[in-house]
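This is a predicted model, so every value here is computed, not measured. Sequence lines set the chain letters: A, B, ... in the order given, protein chains first and strands last, and positions in each chain run from 1.
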Amino acid sequence: MRQWMLRITAYAEKLLADLDTIDWSDSLKEMQRNWIGRSEGAEVRFKVARVQGSGTETSNLEPETFITVFTTRPDTLFGATYMVLSPEHKLVDQIVPNQWPEGIPDVWKGKTGSGNSIPASGNSIPASGNSTPASGNSIPVSENAVPVSGNSIPASGNSTPGSGSSIPESGKSFPASGNSIPERRNSFPEPGKSIPKAGTTHFETPKAAVEAYRVFAAGKSDLERTELAKDKSGVFTGAYAINPVNGEKIPIWIADYVLASYGTGAIMAVPAHDERDWEFAKKFSLPIEQVVIPIGLKPLEISPKNFIGGAIGPLEKPFCEEGIAISSPESGWRLKDLSGERCDIKGLPTAEAKAKISAWLEEKGLGKKTINYKLRDWLFSRQRYWGEPFPIIWKKDAAGNLYHEALPESSLPLLPPTLEDYKPTAGGEPPLARAKDWLHEIPGATRETNTMPQWAGSCWYYLRYTDAKNNSAFVGKDAQNYWMGANGCKLKVEGCKLDSSMTQPVTSNLQPATPGVDLYVGGTEHAVLHLLYARFWHKVLFDLGYVSTPEPFYKLVNQGLILGEDGQKMSKSRGNVVNPDDVLVEYGADAFRLYEMFMGPLQDTKPWNTKGVEGVYRFLGRVWRLFVDENSETEFEQAETLTTKAQSHQDLLNLIKLNAAIKDVAATPAQLKTLHACIKKVTEDLDGMRFNTAISAMMVFVNDAITWETKPLAVLREFLILLQPFAPHIAEELWHKLLSAFRFPLSALAYQPWPKFDAALLVESEIEIPVQVNGKFRDTIKVAVDADHATLEAAAKASEKVQTFIAGKTIKKVIIVPKRMVNLIVG
RNA sequence: GCCAGUGUGGCGAAAUGGCAGACGCACAAGACUUAAAAUCUUGGGACCUUAAACAGUCGUGCGGGUUCGAGUCCCGCCACUGGCACCA
């Protein structure tokens, strides 16, 4: 199937680097980093050994064949005791010889059988002498395990790294073909033509083993692959490669723990220093050789004899951390004649060893530094109706070959055709192929029938919103600059006339804008798909000069999930779903909104509690009663029940009178203090998106203000401005009550400037501070705010309660933090 | 397994290294009411003492540490949540 891909991998580096420039949660950034999965390492070219005689030569091996592997630990190259190709690796067919080499263990040959058996599964391993990793003298020195040793084939240094490249075709082509092999799941090894003789337990030839294994691996579903992940499987290909640093001949295996889609689809296996390789080596009795030791061991202690199972102790598990390199040609151990082409990294810490050996490999044309990413290119085609059609047409050239062309800009946007039937065609073509007229609308051309995935639209809707009616471009330059630009000023309030009663002009609210979308609030479910795709898309547009910032969302907050009342995720099957409509009917939009903000920190997951909605609903009730006259409210309620259709709703509402305690008088200092403490807290909490504590500050204000005999108009007015973002409906309603009662010429509440708090009003002359004795809280004392040390100490000692704790003891030390506390240390 | 985050009353939660539990829910008692709802007032971490209160002891997942002082900082565990999962 021909599919469109977007080359997001080309942006991997930028997507990774620019995470440092945006204000997102650490966990979200980490998820993206992991998804991109950058790892630095080296590609190393291993020459495939050509073994003469004894029937092990391969039939179709090119004279100079190299297999390139990717490794993040080139410093462990000396410990590479075998090599693994993914079953789908392109070179497998070329390297497999006609016969098994002599003297190899049976377990290497795979296992024939029937039913669900996994090849060479754990319990069928022939006793290989050393099944316990810990056993002391079980050093699997390779002389025995690797049958054809001693043939030194000098690593050829003269071939250009690019030539004879063995890098398989990009991995993305593989999964598709893998999926298309439906037969024989779990069925390796399948009895059949590949089994030459009934009754054999192992494959007779490498070809048969490889073929059977490939079928086995390809037939595994994703689920099976993960479920069986713990149990390694694989077979020996019968071929060997030459380790370029020591000339060692190492067996080449295929195993599905090596992924075709990552790196080069081939690895050098270093069982002593990699968990997976260790597991695999243990299972198939492959040699394990330690070449890195933990930092702290003396290099002098290192020799072939006390290496594993010697003075240092046996290697009981793979050592995967960084350490000190210990093996090299100079050690004299396992050294083959390399004709002087040596790289000595003995004694070097990992980082240096990596650098040295990488440079050496590069110089010899045996490898190069490489960076790999887990991130795959983005499969961008869908075979559905619902999705944007591609503005692409297909034509044939003179020779009859298909080629594609983009539609000219003048034919954009391309709209999908109207269809009666949205199903794919009988021939398996996407639904758009049903629209024959549309398909062939352009003479001599056929339209592309794939559509774009859902993510396509979510990658740029925020740009379109800024200029939704533009029919000549996806977003106009001015709109883009205004809304998304780094220097644009986004808070522009039109139609708000200033008047003398307002304390500050509206423009004081203008702050330097966050570039891009001001604030993105969304769930973590989009962490690595939508949010990565949108960043990629935006970067492409940025590089093309269509948008002015390299990132779309500089500030992002993940709101926490709201669970059901039982603390479980809401779901229909659990029956714990809260329907917002019901809450809105019962308590109104203000209470609903307010409760969601009051529940707790925005980012936290927390359970819904309908009683909590009642709590904030009661708070709004108190706010209401702070402003209106309760008797008139009763009148309203009675009138409402008797209402006739002739009476307008507005007339009824007008029955509600303002609370008579509200007067246009100067506020007392205490009242001002209450107000300004509230302004301060709400302003700061709003900035930090701590809505829950902002609301509690307003509750504190109302609890106090409701007790005031006289309620100054100016104070209540300011309070409504604070309330407005949280409960806009009730705030606006009360605002208009104030407005009509006092006839102050102000426009809608929403256009009022945000109040500023006056720090001077919050200053206390006297404060209460705690007194501790030996660090334990004992009393509070009331002191002047600017009291000096001596005064504080005296006041503390004068406290009766403190006295009982210091009586008869000597004061050894006095710790005084002005305005905070006094601590008396007695002995 | 790896990465990230979170552990505080009966519950949701507060707390620049300085009085743990603000604010709210649930609960209890009282006021108003024929009654209920609504509203208002008071109480409210545990333990111990007390008629009640005061006072006292303990208390922020567990174990150590730093500090005059730790929910907060450091080290080591445990549990839960989310993400990734043979990525060389």
Within the structure, does a side-chain N or O atom of A:R618 lie under 4.0 Å from either OP1 or OP2 of B:rC25? yes
Any Lys/Arg nitrogen of A:R38 or A:E40 sitting under 4.0 Å from an Asp/Glu carboxylate oxygen of the other? yes
Return the value, rounded to whole Å, for the distance between atom NZ of A:K819 and atom P of B:rG17. 18 Å
Same-atom distance (C1') from B:rA85 to B:rG10, integer angstrom: 40 Å
Rounded to the Å, how far apart are A:M821 CE and B:rU67 P? 16 Å
Distance in angstrom units between A:D704 CG and B:rC23 P, rounded: 12 Å
Which is true for A:G37 with a 4.0 Å heavy-atom rule: it touches a base, it touches only sugar-phosphate, or it touches nothing? nothing
Given atom CG of A:N609 and atom C1' of B:rG10, what is their separation to the nearest angstrom? 12 Å
Atom-to-atom span, CE of A:M699 to C1' of B:rG12 - whole angstrom: 12 Å
Rounded to whole angstroms, how far apart are CG on A:N558 and C1' on B:rA4? 12 Å
Under-3.5 Å donor-acceptor pair between A:K232 side chain and B:rC86 base: yes
Closest heavy-atom pair, A:T370 versus A:F70, reported as atoms and distance to 0.1 Å, is O-CE1, 3.8 Å
Euclidean distance for C1', B:rU66 against B:rG56 (whole angstrom): 29 Å
Tell me what A:T72 touches on the nucleic acid: a base, only sugar-phosphate, or nothing, going by heavy atoms under 4.0 Å. sugar-phosphate
Report which part of the nucleic acid A:E30 touches: base, sugar-phosphate, or nothing (heavy-atom distance under 4.0 Å, all strands). sugar-phosphate
A:W608 six-ring face occupied by A:K606 cation (under 6.0 Å, within 45°): no
Testing B:rA14, B:rA88, B:rG12 for proximity to the side chain of A:D274, the answer is B:rA88
Considering just the side-chain nitrogens and oxygens of A:R690, establish if one lies under 4.0 Å of OP1 or OP2 belonging to B:rA13. no
Hey, is the side chain of A:K283 poking within less than 4.0 Å of OP1 or OP2 on B:rC86, counting only N and O atoms? no
Write down the distance separating the C1' atoms in B:rC75 and B:rC25, rounded off to the nearest Å. 39 Å
Which part of the nucleic acid, if any, lies within reach of A:K29 when heavy atoms closer than 4.0 Å are counted: base, sugar-phosphate only, or nothing? nothing
Say we look at B:rU81 and B:rG43: how far apart would their P atoms be, to the nearest angstrom? 39 Å
Counting the atoms with a prime plus P, OP1 and OP2 as sugar-phosphate, which does A:K374 contact under 4.0 Å by heavy atoms, base, sugar-phosphate, or nothing? base
Among B:rA14, B:rG69, B:rG24, find the nucleotide with the atom closest to the side chain of A:R622. B:rG24
Separation of B:rG12 atom P from A:I562 atom CD1, nearest Å, is 14 Å
So A:V700, base contact, sugar-phosphate only, or nothing? Heavy-atom distance under 4.0 Å. sugar-phosphate
Rounded to the nearest angstrom, tell me the gap between atom CG in A:L532 and atom P in B:rC84. 13 Å
Under 6.0 Å from the ring centre and within 45 degrees of the ring axis: does the NZ or CZ of A:K232 meet both conditions for the six-membered ring of A:F280? no
Check A:E768 against A:K782 and note the closest heavy-atom contact, atom names and distance. CG-CG, 4.1 Å
How far apart are the closest heavy atoms of A:L28 and A:A527, and which atoms are they? CD1-CB, 3.1 Å
For A:D604 and for A:I695, find the nucleotide of RNA chain B with the closest heavy atom, then tell me which residue's nucleotide is more 5'. A:D604
At under 4.0 Å between heavy atoms, what does A:S696 touch on the DNA or RNA strands: base, sugar-phosphate, or nothing? base
